[in-house]
Amino acid sequence: MMGPIFERRPPHAALALDPTGMQLLGEAGTGNDAVHGLSQQIHGQIKARILQAQLAPGARLPTSRALAQALAVSRNTVLRAYEQLESEGFIRSRMGAGSYVSDLAAPSSSASPTAPSRAASPHTPDSPLWLRLQDYQPSPVVQGPGRAFRHGLPALDLFPHALWSRLQARFWRAQARPGRRASLSYEDAAGLPRLRELIAGYLSHSRGLHCRADQVLVTAGSQQAIAMAALALLRPGDRVGMESPGYRAAAAALGLSGAQVLPVPLDGQGLRIGALQALGRLRLVYTTPSHQYPTGVVMSAQRRLELLAWARQNDAYVLEDDYDGEYRFSGVPLAPLASLEGEADARTLYVGSFSKLLFPGLRLGYLVAPAAWLPTLARLRSVLDRQASIADQAVLAEFMAEGHFLRHVRRMRRAARERRDALLQAWSQHLLPLHPQHRLQPVPAGLQAFLPLADRAEETRLAERARRAGIELGALAQMGGLPAHSQQAGLVLGFASVPTAEIAPAVRTLAQAWRDGSS
């Protein structure tokens with residue numbers, strides 16, 4: 001018969017059970033440990049021994065009084081630990097007979113946590129989606145302020161923090177009024193009606209996309225909108241065309257439903273319709289016509305009409321991602337593809353985002369679709385994450401309703417144009433004299449410039465030299481789509497998040513880094 005061995009320890013010591021039995025060891029603990037914390041320690045230690053089969057089924061535990069005396073803690077502390085163990089089914093107690101380890105159906109392996117084994121490793125799922133996700137690497141989280149030439153960011157230094165803070169404070173003050181707390185409850189999964197009305201009004205008057213609130217679904221950014229469209233429209237095995245090189249996160253989202261994503265090459269007018277037709281039967285095509293990502297090509301009007309005609313003839317859909325369409329530097333922003341078709345035969349889903357106008361962390365975007373589709377898309381949104389943040393939606397609605405949004409868009413467009421001009425001027429003045437072969441593509445719109453290169457080896461070499469000099473560049477190999485997509489080489493330089501005064505020094509640094517590396 002095994003008898004527990006006790007060792008008396010100072011009060012409120014940190015507890016540990018010796019694996020050879022029920023001997024209790026102590027280590028000096030903080031003097032202000034709560035009694036509840038001590039009971040949790042006792043509970044955790046005993047539970048761990050049971051799970052590791054170091055306390056056999058049927059083994060008798062010390063009485064609560066004896067264990068309390070051994071540890072110099074109150075009996076109530078031990079009783080709480082025993083009660084929790086019993087409620088979880090790890091021990092069973094009988095009045096007057098003591099407490100015993102339950103007979104649990106445990107795994108046969110007796111490996112301890114300190115001795116890793118095959119059984120201790122989690123089983124790896126092998127579902128098709130799980131396996132596809134192994135090939136996708138999310139963009140790394142980069143700490144600290146943006147520096148030249150980090151791409152994908154707007155002019156974060158121009159965000160109106162004080163104004164946004166006042167609108168947030170106003171929202172929360174309103175919630176304290178009687179009868180207003182319903183604003184903190186569940187809302188329409190499609191988004192706050194007021195925000196949807198404002199988005200529809202903005203798209204109609206500023207972007208030429210005439211739509212109504214019942215066609216607008218508020219999403220957690222453009223990435224969720226793309227994923228929702230893929231889940232709603234695509235079946236396993238469907239074939240999807242995607243401009244290449246393209247947005248790799250979109251390629252991953254389009255494959256969520258098990259669709260096959262196929263590359264469609266580009267030319268100077270955008271996605272090539274002939275190459276699209278050569279792929280045969282497609283269910284959907286993804287495109288960024290206003291400013292192709294990442295090359296910067298703008299789809300011509302003729303090509304836009306040809307793409308819509310292709311969709312009608314092939315009973316296919318077009319997913320238009322207008323991620324930075326507001327940043328047009330000459331004339332007004334181009335009208336979306338979706339504005340060129342009637343609602344009766346609409347085949348275009350339009351994706352927009354506030355990430356490139358306000359800040360990426362806001363995670364608010366929208367999907368515009370035929371009104372008849374919205375109830376089903378709202379159900380899908382409800383299944384995924386129920387709804388976007390009510391507070392963020394309400395504050396954005398106020399920001400738009402009071403006219404701040406349009407003023408901010410104009411300010412951001414001016415800043416992006418100014419910074420683009422500074423980059424092009426510095427490039428001509430400081431880099432081209434040393435590296436005349438490295439000419440940037442025209443930058444009629446957007447937040448970044450594109451530098452085409454001869455091959456991937458040169459791309460890797462120049463990106464690494466820039467990194468060592470403290471300059472961030474986007475390499476097409478890491479950002480240009482799925483592995484099977486375009487092997488085109490090039491670098492992306494984001495200029496919108498770089499203050500104008502810092503652009504020329506950064507270009508000089510880059511020119512010198514590339515020159516030193518070639519010597």
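Summarising the geometry, atom OH belonging to Y323 is positioned 7.5 Å from atom CG belonging to L447; distances are rounded to the nearest 0.5 Å. Here CD1 of I226 is found 12.0 Å from CG of L231. Values are rounded to the nearest 0.5 Å. To the nearest 0.5 Å, atoms CD (Q387) and CG (D188) are separated by 9.0 Å. The CG atom of L493 lies 5.0 Å from the CG atom of L473; values are rounded to the nearest 0.5 Å. Distance check: Y317 OH to L234 CG gives 10.0 Å after rounding to the nearest 0.5 Å. Annotation: the span from Q393 atom CD to L198 atom CG amounts to 11.5 Å, rounded to 0.5 Å.
Between Y293 and D324 the shortest side-chain heavy-atom distance does not fall below 4.5 Å. Contact annotation: the side chain of E187 never approaches that of V218 to less than 4.5 Å [non-hydrogen atoms, C-beta and beyond].
Counting only distance, with no hydrogens or angles, the side chain of S382 and the backbone of R379 share no donor-acceptor pair below 3.5 Å. With hydrogens and angles ignored, the 3.5 Å screen pairs a side-chain donor or acceptor of H408 with a backbone N or O of L357. In this structure, R411 contributes its side chain and L158 its backbone to a donor-acceptor pair below 3.5 Å. At distances below 3.5 Å, at least one donor-acceptor pair connects side-chain atoms of E243 with backbone N or O atoms of T288. S102 contributes a side-chain N or O that, together with a main-chain N or O of G89, makes up a donor-acceptor pair within less than 3.5 Å. In this structure, the side chain of Y286 does not engage the main chain of V261 through any donor-acceptor pair within 3.5 Å. For the pair R239 (side chain) and L279 (backbone), a donor-acceptor distance under 3.5 Å is present. Between the side chain of Q134 and the main chain of W130, a donor-acceptor pair closer than 3.5 Å is present. Side-chain atoms of Q215 come within 3.5 Å of backbone N or O of R212 as a donor-acceptor pair. Judged purely by atom type and a 3.5 angstrom limit, R49 has no side-chain atom pairing as donor or acceptor with the backbone of L55.
Ring-plane geometry between F405 and F399 is classed as perpendicular, the angle between the planes exceeding 60 degrees on a 0 to 90 degree scale with a lower cut at 30.
Annotation for Q292 and P245: closest pair NE2-O, 2.8 Å, computed over non-hydrogen atoms. Nearest approach of E459 to G490, heavy atoms of both residues: OE1-N, 2.8 Å. Nearest heavy-atom pair, T509 versus A469, reported as atom, atom and distance to 0.1 Å: CG2-O, 3.8 Å. What you find for L217 and A190 is that their closest heavy atoms are CD1-CA, 3.3 Å.
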Start with the C-alpha distance between R196 and L374, add both sets of side-chain angles, then the distance that settles side-chain contact (heavy atoms from CB on, under 4.5 Å), and finish with yes or no. CA-CA 12 Å; R196 295 166 66 195; L374 256 290; 4.2 Å; yes
R80 vs E83, salt bridge (charged side-chain N to carboxylate O under 4.0 Å, His left out): CA-CA, chis, key distance, verdict: CA-CA 5 Å; R80 272 191 290 269; E83 287 171 358; over 6 Å; no
If you apply the rule side-chain contact (heavy atoms from CB on, under 4.5 Å), what do you find for E88 with H43, and how did you get there? CA-CA 11 Å; E88 294 174 353; H43 161 269; 3.0 Å; yes
Steps toward side-chain contact (heavy atoms from CB on, under 4.5 Å) verdict (M400, L195): CA-CA 8 Å; M400 297 180 75; L195 179 58; 3.9 Å; yes
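No option in F159, Y202, Y366, F359 other than Y366 meets the ring pair (Phe, Tyr, Trp, His ring centres under 6.0 Å) test with F354.
A salt bridge links R467 with E464: at least one charged nitrogen is closer than 4.0 Å to a carboxylate oxygen. The pair E402-R166 does not count as a salt bridge, with every side-chain nitrogen at least 4.0 angstrom from each carboxylate oxygen. With respect to the salt-bridge test (charged N to carboxylate O, under 4.0 angstrom), the residues R194 and E197 do not qualify.
Using a 3.5 Å distance cut-off with no hydrogens or angles, the side chains of S355 and R363 do pair a donor with an acceptor. Checking S99 against E86 by side-chain atom types alone, no donor-acceptor pair falls below 3.5 Å.
Annotation: salt bridge (Lys or Arg N to Asp or Glu O under 4.0 Å) contacts involving residues 64-76, sequence neighbours excluded, are absent.
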